[in-house]
Amino acid sequence: MFHQNLLSVGLNREGAITRRSLLQLVTGGAAASGSMAFLQAIGLNAAEMKKEGRACIMIFLNGAPSQLELWDPKPGTDNGGPTKSISTQMPGVSFAEYWPKLAQSKDVSLIRTIVGKEAAHERGAYHLRTGRRLTGSSNHPHIGSVAAWKLGDLASDMPNFVSIGNTPHGAGFLGVKYAPFMVGAAGRLPDNIVASVPAPRLDQRMKLLSQQDAELAAVGAKAIANEHQELYQRAKKMMASPRLKSFQTEPEKPEVKEKYGKSAFGQGCLVARRLVESGIPFVEVQRGGWDMHENLWQRMPATAGEVDQGVSALIADLKSRGMLEKTLVICMGEFGRTPKINQRTPEVGRDHWARNFNVLLAGGGIAGGQCIGTTSDDGTEIVDRPVDVDDLFQTYCHCLKIDADEEMITPEGRPLRIVDAGSPVKELLIS
């Protein structure tokens, strides 16, 4: 269920499809339902944004990071453990010691009191990406697919939603047109994107595919056949796009790459900036490794260090290019971690916790330097200003100039608002 409507692209060693591979893909594409992997891999949306150049980069920390080791430390308490705190540009607000670069940013703001409803990874990730809770029939769109629908352009030669790291959630009932284009490795061209046969031969194969799809339509699968043809044409358009270089980091100066960090995650953040700069309205970059039931303090420095460097460089780079004002940056996981330290071996950690956790925001109309919500000294309770996931999604929509009350129509014909409840976190907004 989670993999419906996902677009997936792998990379071969040469960064380009081989003649044999192209033949396999194209002939396979017309022959069977298994063709959808390739079709989805190359079925792309457009890249021209419709509304003021608004865009969003979502940094998703898979595995649910501990809020006490992120941006709500509790030093000197039993629950705080050995983590030290450092001062930030927000008066009276401290971060955990693992975040020195983001602590010095004047552009970031923080919500410390997100109230989740799911403390299981799959369900929490669904909730924080779609704004909806997972049920047996759930097929809701990722917020990136909603942004692709409202901000993108289907006639463009580039996708409207790119996932660096393969998001487990797709366009849901919005359909494959708004699904994420998934890139497994940042910094080079997507796999299978450069044809190894001359254009006339490719055109000939496309005609054969059209004939086969016509036969498919004649036996009652017209909708699928039409979708095939739409995706083939978009793939062909993307293969010729001059903006493909946005997926590469080679054009960047060495010092720019260095600022983002040499890690795959850091380079993913750099590619995200390049994709947004080229007109793609939504990019997700993932960094896993946060499921720290044990060895928390041994694992935290390196894990947080990559994200601290990559995200702080991303925000600073967007600002220096005049892009931050209209680009919303979100950094979060699917829930938080128990304030009470567990007794796992060989080294302790923290377990699942959704009652209060952190989300960091910057740009896109977010006023820097704001810290929303307070938790108790031991981190177990919200003292003031709880923020629901609905409020969070209302805030996203406000920043992206998307009408949260607009209705989507499910396959059953049921109208469903983009966000059902809540209200934007006004304290965070510039206007």
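What you see below is based on every heavy atom in this structure, not just the backbone, and it leaves out hydrogens, waters and symmetry mates. Just so you know, these numbers come straight off a predicted model, no measurement behind them.
Note that the CG atom of L70 and the OG1 atom of T83 stand 10.0 Å from one another [nearest 0.5 Å]. Distance check, rounded to the nearest 0.5 Å: OG of S66 to NE2 of H293 gives 11.5 Å. Taking CZ of F282 as the reference point, atom SG of C56 lies at 4.0 Å (rounded to 0.5 Å). To the nearest 0.5 Å, atom OG of residue S105 and atom CD of residue Q89 are 8.0 Å apart. With rounding to the nearest 0.5 angstrom, the NE2 atom of H127 is 7.5 Å from the CZ atom of F393. Distance check, rounded to the nearest 0.5 Å: CD1 of I114 to CG of D391 gives 8.0 Å.
Within the 4.5 Å cutoff, no side-chain heavy atoms of V329 are placed close to those of M58. Side-chain contact between L324 and I315 is present, with at least one heavy-atom pair separated by less than 4.5 Å. Using a 4.5 Å cut-off on side-chain heavy atoms (C-beta onward), C399 and I366 make contact. Counting heavy atoms from C-beta on, the side chains of T249 and K257 come closer than 4.5 Å. Using a 4.5 Å heavy-atom cutoff, the side chains of P339 and T380 are in contact. Side-chain contact between C269 and I59 is present, with at least one heavy-atom pair separated by less than 4.5 Å. Under the 4.5 Å side-chain criterion, counting only non-hydrogen atoms from C-beta, H142 is not in contact with Y178. With a 4.5 Å cut-off on side-chain heavy atoms, I164 and V162 count as touching.
Under the 4.0 Å criterion applied to side-chain N and carboxylate O atoms, D107 and K319 are assigned as salt-bridge partners. Between K84 and E97, no side-chain nitrogen of the basic residue sits less than 4.0 Å from a carboxylate oxygen of the acidic one, so the salt-bridge criterion is not met. Checked for salt-bridge contact, R129 and E334 miss the test: no charged N lies under 4.0 Å from a carboxylate O. Using a 4.0 Å cut-off between charged nitrogen and carboxylate oxygen, D308 and K101 do not count as a salt-bridge pair. Comment: R385 engages E427 in a salt bridge, judged by a side-chain N to carboxylate O separation of less than 4.0 angstrom. With respect to D351 and K340, no salt bridge is recorded, no charged nitrogen being found less than 4.0 Å from a carboxylate O. Note on D157 versus R243: salt bridge recorded, some NZ/NE/NH1/NH2 to OD/OE distance being below 4.0 Å. For the pair R321 and E277, the salt-bridge criterion is met [side-chain N within less than 4.0 Å of a carboxylate O]. Under 4.0 Å is where a charged nitrogen must lie from a carboxylate oxygen, and between K150 and E406 at least one such pair does.
Using a 3.5 Å distance cut-off with no hydrogens or angles, the side chains of D378 and S376 do pair a donor with an acceptor. Residues T395 and K426 bring no donor and acceptor atom of their side chains to less than 3.5 Å of each other. Side-chain atoms of Q67 and N358 form no donor-acceptor pair, as typed in the model, at a separation below 3.5 Å.
A distance below 6.0 Å separates the ring centres of F247 and F181. Ring to ring, F335 and H121 are close: their centroids are under 6.0 angstrom apart.
Nearest heavy-atom pair, C331 versus V311, reported as atom, atom and distance to 0.1 Å: SG-CG2, 4.5 Å. For the pair A171 and G175, the tightest heavy-atom approach, listed with the atom from each and the gap, is CB-O, 3.1 Å. Heavy-atom minimum distance, V283 versus A272: CG1-CB, 3.8 Å. The shortest heavy-atom contact between T303 and G289 is CG2-O, 4.2 Å. Across all non-hydrogen atoms, the minimal contact from V419 to C397 is CG2-SG, 3.9 Å. Here the closest non-hydrogen pair linking G170 and P180 is CA-CD, 3.8 Å.
Residues forming a salt bridge (charged side-chain N to carboxylate O under 4.0 Å, His left out) with R132 (at least two apart in sequence, or on another chain): D420. Shown here are the salt bridge (charged side-chain N to carboxylate O under 4.0 Å, His left out) partners of E306, two or more places apart in sequence or in another chain: R287.
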Assess whether side chain to side chain contact (heavy atoms under 4.5 Å, CB included) is satisfied between W149 and F161, documenting all intermediate values. CA-CA 9 Å; W149 170 42; F161 175 11; over 6 Å; no
Are H140 and H169 close enough, and set up right, to give a ring-ring contact (aromatic ring centres under 6.0 Å, His included), and what steps lead you there? CA-CA 9 Å; H140 302 109; H169 303 115; over 10 Å; no
Step-by-step side chain to side chain contact (heavy atoms under 4.5 Å, CB included) determination, N342 to V348: CA-CA 6 Å; N342 67 27; V348 300; 3.8 Å; yes
Apply side chain to side chain contact (heavy atoms under 4.5 Å, CB included) to residues V425 and L392 and explain how you reach the verdict. CA-CA 7 Å; V425 183; L392 195 60; 5.9 Å; no
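Here the options are R350, R337, R299, the test is side-chain hydrogen bond (donor to acceptor under 3.5 Å, both in side chains), and the partner is E69; only R350 passes.
Side chain of T113 to main chain of I382: no donor-acceptor pair is present (N/O by atom type, distance under 3.5 Å, no hydrogens or angles).
Within the structure, ring pair (Phe, Tyr, Trp, His ring centres under 6.0 Å) contacts touching residues 361-390 (residues at least two apart or in different chains) do not occur.
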